[in-house]
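Just so it is clear, the model here is predicted, and its values are computed rather than measured.
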Amino acid sequence: MTIAPRTLAQAFAALLVICVVTSVFYLALPSAQLSVPGLPVPWFTDIEAKRSQWRDARNWVFKVPDAAPSPQQAARPMRTDVVFLKTHKTASSTFQNILFRFGEKHNLTFAFPIRTYQFVYPGPFMASYVAPLPPIVAAAGGHFHILCSHMRFNMAEVARVMSPNATYLSIVRRPESAFESVFQYYQSVVPAFIAAKKESKGNDPLRTFLEKPEKFYNSPKKPPAFVKNPMAFDFGLDSNAAVSSDSFRAGLARLNTKFDLVMITERFDESVILAKELLGWEMEDVVSLSLNRRAKTHGNNSVEQYEPHLYEMIRRWNALDVALYEHFSHRFQRQVEAFGVERMRREVDALRREVSARREECVASEMGARKIKQREIRPFVFGAVDILGYNMRSGLDPRTRERCLRMLLPELKYHSRLFQRQYGTTVEKYQKKIIRVRGKHRNALKI
């Protein structure tokens, strides 16, 4: 059968009209109707709508092309509302310094603990642990922008304090290294570690503990911090649960949904690049120098000096941390691949050049904290473990010195600086005032 050319032309014209009408219809739809779970988001949607739609409960990744950012991406809004779950011994102090500097630079409001420098750790976070908004901020209808002090995560209570649009970040470390570091740092204060150290009689207390951990760890209804699965504990999970338990699997699923990015200590440079992209910040905002690192001393072994058998002992005792780390490590790799492997390589190279230049500009020497001459940047030393710190170069002009000072300030001293800037008084005086008028202001302190 032969079809007349005119008929073909009419059919083609009708098909063209249908395509145009359909495209206009989809372009007019709200962005929420443009995505289908499991399918890519159309290229023509707004970049911020893309990021919202690409956050999937099980597999959130950056859907960013492996190419230079477009003008639309370059103009993306900067995010200033951030929750950072600061886990222990994971390089979290270095990333916290990034947040401190960014918040100070942009005059943001921090959610600080009402007492000391942690949110009543190891108890679960409560909104009432946060110092109230400064009166001038509250009067202007302001809100807290950044929460980044140590806490045991409690999702519902954090949500009472922070904006519903806040970006949630955290960091995890390879469990073998993380647990060894926790043990060395807290072996003089945690009862289970003290007992193992005493029984070791001058030998390796970590090995003594791991050979029979149940002997030193009495599993109470409220498990202590640090002794077992410390990262899972910080994330608010039951550190005594089994990996196969419904409670752990459900908890991990909730965390996976809530946290936009869980960084990896062993891939720290890539982590801050992804954080920069997610938050819409500049490269200069995420340049940092390593803080709160343990100094290597005689008798202070690192996990790399142990044989594989000890690795397995750590992994068995911290099975939840292993599962947590592997889950977020796999997700992190998918995020890097979606960001673009080659693009990531270029960004990391650029970051490392900036870090090297800043170190050259600011640092005269690096040494154990006990030998640091400049008191204002001397890190806090806890227990028998020495912490590395920096001596700042002399002769810097005032602007450069201030920039270097912010980068080299240890956690507690930077916390004090920002607290005084925000509340007009020192942490210590504020806490004394709270204790003195506790009864009078009891209701006012509730959030």
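In this structure, S271 has no side-chain hydrogen bond (donor to acceptor under 3.5 Å, both in side chains) partners at least two apart in sequence or on a different chain. Residues satisfying the side chain to side chain contact (heavy atoms under 4.5 Å, CB included) test with A319, not counting sequence neighbours, are V243. Residues meeting the ring-ring contact (aromatic ring centres under 6.0 Å, His included) test with Y390, sequence neighbours left out: none.
Annotation: side chain of V158 is in contact with side chain of M151 (closest heavy-atom distance under 4.5 Å). Side-chain contact between R267 and V336 is present, with at least one heavy-atom pair separated by less than 4.5 Å. Looking at P230 and K89, their side chains never come closer than 4.5 Å, going by heavy atoms from C-beta outward.
Taking the six-membered ring for Trp and the full ring otherwise, the centers of F259 and F153 sit less than 6.0 Å from each other.
Under a 4.0 Å N-O distance rule, the pair R401/E376 qualifies as a salt bridge.
No hydrogens or angles considered: a donor-acceptor pair under 3.5 Å links the side chains of K86 and S93. Side-chain polar atoms of E176 and Y325 form no donor-acceptor pair below 3.5 angstrom. Between the side chains of Q96 and Y414, no donor-acceptor pair is found at a separation under 3.5 Å.
Remark: of the listed residues D349, L351, V286, L351 is the sole one forming a side-chain contact (heavy atoms from CB on, under 4.5 Å) with D269. For the pairing with E361, the side-chain contact (heavy atoms from CB on, under 4.5 Å) check across M407, M392, R403 returns one residue only, R403. Residue F125 is tested with E157, H150, Q118 for a side-chain contact (heavy atoms from CB on, under 4.5 Å); the sole match is E157. Checking F112, F380, F110 one by one against H415, the ring pair (Phe, Tyr, Trp, His ring centres under 6.0 Å) holds for a single residue, F112.
Using the six-membered ring where Trp is involved, F193 and F183 have ring planes that are tilted, between 30° and 60° apart. Note: F268 and F95 have perpendicular aromatic rings, judged against thresholds of 30 and 60 degrees for the angle between ring planes. The aromatic rings of Y121 and F226 sit tilted relative to each other, their planes meeting at an angle between 30° and 60°.
Y311 does not carry R315 over the face of its six-membered ring by the limits of under 6.0 Å from the centre and within 45° of the normal. Judged by the 6.0 Å and 45° rule, K228 forms no cation-pi pair with Y217. Judged by the 6.0 Å distance and 45° axis criteria, R406 is not positioned over the aromatic ring of F100.
Of the inter-residue distances, the one linking S329 atom OG with M263 atom CE reads 14.0 Å to the nearest 0.5 angstrom. With rounding to the nearest 0.5 Å, the separation of CZ in R359 from CZ in R393 is 10.5 Å.
Shown here for F209 and A196, the closest heavy-atom pair between the two residues is CB-CB, 3.6 Å. Of all the heavy atoms in L237 and L255, the pair that sits closest is CD1-CD1, 3.9 Å.
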